[in-house]
Amino acid sequence: KQTSWVVQDGNLRDQLKVSIAKKLVPEYREFYDTYLVMLIGEKNLELLVRFSPDDLGNYLSDLFHGISTSGSTSSSSLLQSRGCLPR
C-alpha cells in the first residue's frame, strides 16, 4: 500500500503531490461530473460513489507521509538516494 511509502524530502514530496493532483483531480472531476448525473436517484448512491473530487484532493495531500508502524523497516539504497523510503 502507498501508506508504507515515505518521501523524506519535504520539497520533493510536495512537488510529487502537486504533479499527481494536477493530472488526476481534473480528470476525475470530469468523470465524476459526467457520470454522477446518471446515478442521481439511485438507491445507496454513497455506496456507488465513495469519493468526490474534493475528497480525492484531500487524500492526495496525505501522500508520501507514511504511517507509524511498529517493527523494523527496510529500504533500498536506490530509494534512499532519491529521498523515498518504504516503511
N/O donor to acceptor pairs below 3.5 angstrom from side-chain atoms of residues 22-42, sequence neighbours left out:
from	atom 1	to	atom 2	distance (Å)
Tyr28	OH	Phe51	O	2.5
Arg29	NH2	Asp54	OD1	3.4
Thr34	OG1	Glu30	O	2.8

By side-chain hydrogen bond (donor to acceptor under 3.5 Å, both in side chains) - contacts of Asp55 (at least two apart):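 Partners of Asp55 under the side-chain hydrogen bond (donor to acceptor under 3.5 Å, both in side chains) test: Ser52.
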Asn44 (side chain) donor-acceptor with Leu47 (main chain) under 3.5 angstrom: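 No: the side chain of Asn44 does not pair with the backbone of Leu47.
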Expected output: side-chain Ser19 to main-chain Leu16 donor-acceptor under 3.5 Å: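 No, because the side chain of Ser19 does not come within donor-acceptor range (under 3.5 Å) of the backbone of Leu16.
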Note, Leu63 side chain near Lys17 side chain (heavy atom, < 4.5 Å): yes
Gln8 versus Arg13, closest heavy-atom pair with distance: O-NH1, 3.8 Å
